[in-house]
Amino acid sequence: MRSEAVSKPMMHNNDDDDSKPLVFKKSFVKDRDQSHRKPFDMSGDSEDDTTLRSIISIATEQKINGNTTLDKPSRTSRDDESDDVEAPISSRLQKKKHVRESSGNDEKKLLVKKFQNGSKLESEKPKVSGKRLLEKDSSADQFSMKKHKASSSTAKQDSTKTENLGGKSKAVVSPNETDDDDDDDDVPIAKRIKSDSSSNNKTPSAKPKETKQSSTSSTRKPKVTRAASPPPKKNSKRSKKKWTTLVHNGVTFPPPYQPHGTKILYKGKPVNLSPDQEEVATMFAVMREREYYNKPLFRKNFWNDWRKLLGKKHVIQKLDDCDFTPIYEWHLEKKQCLPFDNVQKNKDSKEKKQEQGEKYMWAIVDGVKEKIGNFKVEPPGLFAGRGEHPKMGKFKRRIHPHDITLNIGKDAPIPECPIPGERWKEVKHDNTVTWLAMWNDPINPKDCKYVFLSPSSSQKGHSDKKKYEKARKLKDHIESIRETYTKNFNSKDVSKRQIAVATYLIDKLALRAGNGKDEDEEADTVGCCTLKVDNVECIHPNQLKFDFLGKDSIRYENTVEVEPPVYKAIGQFKAGKSNSDDLFDEIDSRKLNAHLNELMPGLTAKVFRTYNASITLDKTLCRETKDGGDVSQKKLVYDQANKEVAIICNHQRAVPKSHGAQVKKLKDKIDELKEGLKQLKTNLKRAKKGEAPLEGSDGKKTRNISPEAWEKKIAQQTMKAEKMERDMQTKEDLKTVALGTSKINYMDPRITVAWCKRNEVPIEKMFTKTLQEKFTWAMDVEPDFRF
DNA sequence: AAGGGGACTTGGCGTCATGTAC
DNA sequence: GTACATGACGCCAAGTCCCCTT
């Protein structure tokens with residue numbers, strides 16, 4: 001079942017077409033769920049026209065832009081542009097003066113103490129946006145990356161404090177600023193840590209660790225890695241210091257399993273199960289409505305694991321003879337009951353839970369309170385991989401404290417293990433990494449699961465910003481990179497030619513790099529470097545048809561016209577191979593990235609996705625936004641641009657369950673309106689002739705009004721119907737397109753913020769609360785910012 | 001130079017919360 | 001106030017890319 005993906009060949013001028021990936025008619029179909037996923041239809045003529053037009057005009061703009069970038073000051077090759085270079089320096093300097101200290105000891109002591117006690121720090125300070133402490137009055141002027149101190153009283157006083165370390169007196173800035181450059185390197189890390197720890201040692205809350213730990217387990221202690229961190233490697237990115245002090249309370253665990261005692265039927269007879277067996281049976285039973293439930297592989301893997309729990313001699317010998325209905329019904333009932341009688345109870349328990357979670361939700365990183373992303377360890381369950389995952393249905397066992405490695409400041413108190421009698425696997429103090437806790441994935445023990453700070457943290461914000469700065473840097477190199485690969489399309493060296501063509505595809509189609517994968521352990525998906533011969537079809541004279549499963553088993557289906565040398569090269573790469581052979585047999589993502597790194601330091605394949613997404617948004621917005629118009633019209637322009645980006649990146653979603661019903665509803669309403677219009681028009685005619693209006697369909701008498709009044713009514717109705725039709729069209733357009741992913745990961749938020757400022761659109765119309773928090777660093781961008 | 005492991009970003013989906021129409 | 005639609009967000013899977021080892 002393959003959807004139509006025949007695209008109109010697009011004639012594009014190579015020289016001009018350097019700003020945007022080739023996006024042609026693309027069928028958006030998920031392979032794994034084709035039954036209800038219809039092709040994403042861009043075939044509406046108007047749609048095609050827009051796309052065509054937009055590409056042409058973007059291409060034109062790109063030329064202009066190519067020039068405008070020249071007026072940027074030239075930069076050193078160092079990473080130093082990542083700090084607000086785009087904003088007027090004068091405006092920044094003042095803000096930066098308000099830097100974060102690292103010597104406000106009294107304050108820190110207080111903070112850690114309160115934190116350990118689980119008291120809510122917010123209570124000390126007016127709360128903004130629920131969690132982060134922002135000073136309303138002054139913060140607007142502050143350095144965008146800066147977070148406010150978790151404790152308020154001294155924040156202002158220490159704002160210009162300097163630190164004297166290693167004989168050097170310098171303003172101490174947040175780690176976000178320091179770890180970008182190598183300033184830290186002048187001061188031995190050990191020295192810095194020492195200096196910090198000496199202050200922390202006095203922290204009243206830093207109780208003796210032994211006491212803390214032994215409170216739950218008297219003799220055994222977790223392995224505590226006392227070494228500051230792995231031996232720091234010179235010039236190694238990974239060895240860069242990510243924090244100086246780190247305090248947190250560890251992680252929480254899901255509650256133990258509560259047996260419900262409902263019995264499944266085996267060959268019609270109830271069967272007793274132990275709590276362990278019942279727990280896993282319940283996981284399976286409640287999945288009845290999911291697609292997985294009937295997949296043979298899912299059932300096979302489940303049965304394998306469940307059977308281990310049942311034991312070979314158990315009365316249950318065959319999964320197909322089991323009837324899980326009683327448990328399923330018990331589950332439904334439980335779910336249904338909740339909203340009715342337990343509204344209040346539910347609320348209460350929720351609040352209670354939140355309060356308990358509060359303690360674990362925050363970390364203090366270099367004296368700043370930051371939200372943690374996922375402090376709850378994953379509950380046990382049945383593994384649900386994406387696509388045809390070989391491990392689907394396997395039982396994912398419960399995670400215990402002895403699976404968990406904590407990473408925490410050397411001088412922070414070691415969090416108490418929340419489960420009495422158990423202990424952490426290990427406690428590390430590695431400040432070259434950002435994770436707070438880690439465990440091995442039970443499904444794939446080689447894999448690790450991490451607890452990180454939330455996206456709203458300055459740590460994450462900082463790396464986010466760096467990512468976009470790197471993508472912006474690509475602007476300055478893209479021309480020569482394109483020249484290079486174009487030249488190499490004809491290289492006699494096959495490797496070189498493959499690198500050139502692969503780079504071209506990554507640039508033009510925003511493909512992912514495509515790392516090698518373990519065939520037995522993972523679903524069979526590919527990226528650029530791992531494309532198979534039969535994923536690309538050559539269509540004479542110079543079109544390529546791509547059809548493969550990408551990340552998350554999302555199907556990528558696209559037919560594009562390419563330059564003749566690329567067409568020829570692909571033909572050569574395919575020649576003499578079988579369908580399942582690698583198209584690019586000479587290269588892999590490492591080689592490709594090594595090559596890219598030579599063209600621009602730090603350049604990797606994924607930067608092209610960021611670059612293409614952001615530049616497309618920027619250009620489309622600038623081109624399409626008209627002066628005037630209300631906010632909702634502006635938003636429509638934005639959403640269209642967003643959609644364009646999502647299509648470039650192939651961000652799809654399943655058609656919403658109720659989509660059909662909703663469209664039908666809208667259609668019915670439109671029909672109704674049209675029917676009403678007919679009647680209105682009749683009445684208008686009658687009114688003009690001086691006749692009384694006809695009776696309404698409900699038999700009621702209709703008020704006699706003037707022809708002008710009828711006309712007004714008709715105009716109103718028509719508008720309403722047109723709006724509904726537009727809504728329906730939008731709904732249909734977007735039914736398989738996921739806008740969120742590109743907004744969260746690919747489009748430089750400064751483009752959006754600047755656009756909002758220029759067009760007087762409130763930022764909350766474009767970014768949810770969470771996104772605004774994630775993008776704090778982008779909020780004070782100048783209105784004239786261009787990507 | 002190749003492979004493995006570690007750390008971090010990206011991604012779709014389900015569920016819960018909130019908004020809106022009636 | 002209720003029912004439904006929509007949007008937000010948490011969850012956790014699945015990528016990318018880097019460093020280290022062999």
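These numbers come from a predicted model, not from an experiment. Every chain is numbered from 1 and lettered A, B, ... according to where its sequence line falls, protein lines coming before strand lines.
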Shortest side-chain distance from [X], nucleotide among [options]:
X: A:Thr434; options: B:dC8, B:dT9, C:dA5; result: B:dC8
X: A:Lys460; options: B:dT9, B:dC8, C:dG15; result: B:dT9
X: A:Met438; options: C:dA13, C:dT6, B:dA7; result: B:dA7
X: A:Thr770; options: C:dC9, C:dG15, B:dT9; result: C:dC9
X: A:Lys606; options: B:dG14, C:dC17, B:dC8; result: C:dC17
X: A:Glu378; options: C:dC18, B:dC13, C:dC12; result: C:dC12
X: A:Thr741; options: B:dG12, B:dA7, C:dA5; result: B:dG12

Starting at atom [atom1] of [X], determine the distance to atom [atom2] of [N], rounded to an integer number of angstrom.
X: A:Glu764; N: C:dA8; atom1: CD; atom2: C1'; answer: 15 Å
X: A:Ile372; N: C:dC11; atom1: CD1; atom2: C1'; answer: 17 Å
X: A:Glu522; N: C:dG15; atom1: CD; atom2: C1'; answer: 9 Å
X: A:Ile744; N: B:dT10; atom1: CD1; atom2: P; answer: 11 Å
X: A:Gln459; N: B:dT9; atom1: CD; atom2: P; answer: 9 Å
X: A:Trp243; N: B:dA7; atom1: CH2; atom2: C1'; answer: 15 Å
X: A:Asp524; N: C:dG15; atom1: CG; atom2: P; answer: 10 Å
X: A:Asn444; N: C:dG15; atom1: CG; atom2: C1'; answer: 14 Å

Reckon [X] touches a base, only the sugar-phosphate, or nothing at all at heavy-atom distances under 4.0 Å?
X: A:Lys665; value: sugar-phosphate
X: A:Gly514; value: sugar-phosphate
X: A:Ala605; value: sugar-phosphate
X: A:Lys396; value: sugar-phosphate
X: A:Pro379; value: sugar-phosphate

Give a yes/no answer on whether the side chain of [X] brings an N or O atom under 4.0 Å of OP1 or OP2 in [N].
X: A:Lys376; N: C:dG10; result: no
X: A:Thr768; N: C:dA8; result: no
X: A:Asn515; N: C:dT16; result: yes
X: A:Lys657; N: B:dG14; result: no
X: A:Lys449; N: C:dC11; result: no
X: A:Thr525; N: C:dA14; result: no
X: A:Gln662; N: C:dT6; result: yes
X: A:Ser658; N: C:dA5; result: no
X: A:Lys769; N: C:dG7; result: no
X: A:Arg512; N: B:dT9; result: no
X: A:Lys446; N: B:dG6; result: no
X: A:Lys467; N: B:dT9; result: no
X: A:His389; N: C:dA13; result: no
X: A:Tyr746; N: B:dG11; result: yes

- Query: Looking at OH of A:Tyr292 and CG of A:Asn301, how far apart are the two atoms once the value is rounded to the nearest 0.5 Å?
  - Reply: 12.0 Å

Per-pair distances, 0.1 Å, donor-acceptor, side chain in residues 739-746 of chain A, under 3.5 Å, sequence neighbours excluded:
| unit_1 | atom_1 | unit_2 | atom_2 | d |
| --- | --- | --- | --- | --- |
| A:Ser742 | OG | A:Asn642 | ND2 | 3.1 |
| A:Ser742 | OG | A:Leu739 | O | 3.1 |
| A:Lys743 | NZ | A:Met766 | O | 2.5 |
| A:Asn745 | ND2 | A:Thr741 | O | 3.3 |
| A:Tyr746 | OH | A:Arg609 | NE | 2.9 |

- Query: side-chain hydrogen bond (donor to acceptor under 3.5 Å, both in side chains) with A:Glu289: which residues, sequence neighbours excluded?
  - Reply: A:Tyr328

Regarding [X] and [Y], do their side chains bring together a donor and an acceptor under 3.5 Å, going by distance alone?
X: A:Glu370; Y: A:Ser458; answer: yes
X: A:Tyr450; Y: A:Thr434; answer: no
X: A:Thr405; Y: A:Lys428; answer: no

- Inter-end axis angle, the helix from B:dA1-C:dT22 to B:dC22-C:dG1, with every axis fitted to five base pairs (rounded, 10 degrees): 20°

- Message: Using the rule given for salt bridge (charged side-chain N to carboxylate O under 4.0 Å, His left out), can you reason through A:Lys532 versus A:Asp524, listing the C-alpha separation, both sets of side-chain angles and the distance that settles it, and then say yes or no?
- Response: CA-CA 11 Å; A:Lys532 306 291 174 242; A:Asp524 200 9; over 6 Å; no

- Sequence neighbours left out, what passes ring-ring contact (aromatic ring centres under 6.0 Å, His included) with A:Phe767? Give chain and number order. A:Phe775

- Message: By nearest heavy atom, map A:Val377 and A:Ala661 onto DNA chain C; which one lands nearer the 5' end?
- Response: A:Ala661

- When you match A:Lys731 and A:Gly527 each to their closest nucleotide on DNA chain C, which lands nearer the 5' end? A:Lys731

- Message: Salt bridge or not between A:Arg472 and A:Glu469? Use side-chain N to carboxylate O under 4.0 Å.
- Response: yes

- Over 12 non-hydrogen atoms of neighbours within 6.0 angstrom of NZ in A:Lys376: no

- Item | A:Lys467, NZ atom: more than 12 neighbouring heavy atoms under 6.0 Å | yes

- Query: Could you go step by step and tell me if A:Asp305 and A:Phe383 meet the side chain to side chain contact (heavy atoms under 4.5 Å, CB included) rule?
  - Reply: CA-CA 11 Å; A:Asp305 285 359; A:Phe383 177 76; over 6 Å; no

- Message: Quick check: on DNA chain B, is the nucleotide nearest A:Pro445 upstream (toward 5') of the one nearest A:Arg290, or the reverse? Name the residue that is more 5'.
- Response: A:Pro445

- Message: Let me spell it out: for each of A:Tyr450 and A:Arg609, pick the nucleotide of DNA chain B with the closest heavy atom. Which residue's pick is nearer the 5' end?
- Response: A:Tyr450

- Query: Which residue pairs pass the side-chain hydrogen bond (donor to acceptor under 3.5 Å, both in side chains) test when at least one of the two sits in residues 588-608 of chain A, sequence neighbours left out?
  - Reply: A:Asn515-A:Ser589

- Note on the structure: What residues 586-594 of chain A contributes to the DNA chain C interface at heavy-atom separation below 4.0 Å is A:Arg590, A:Asn593

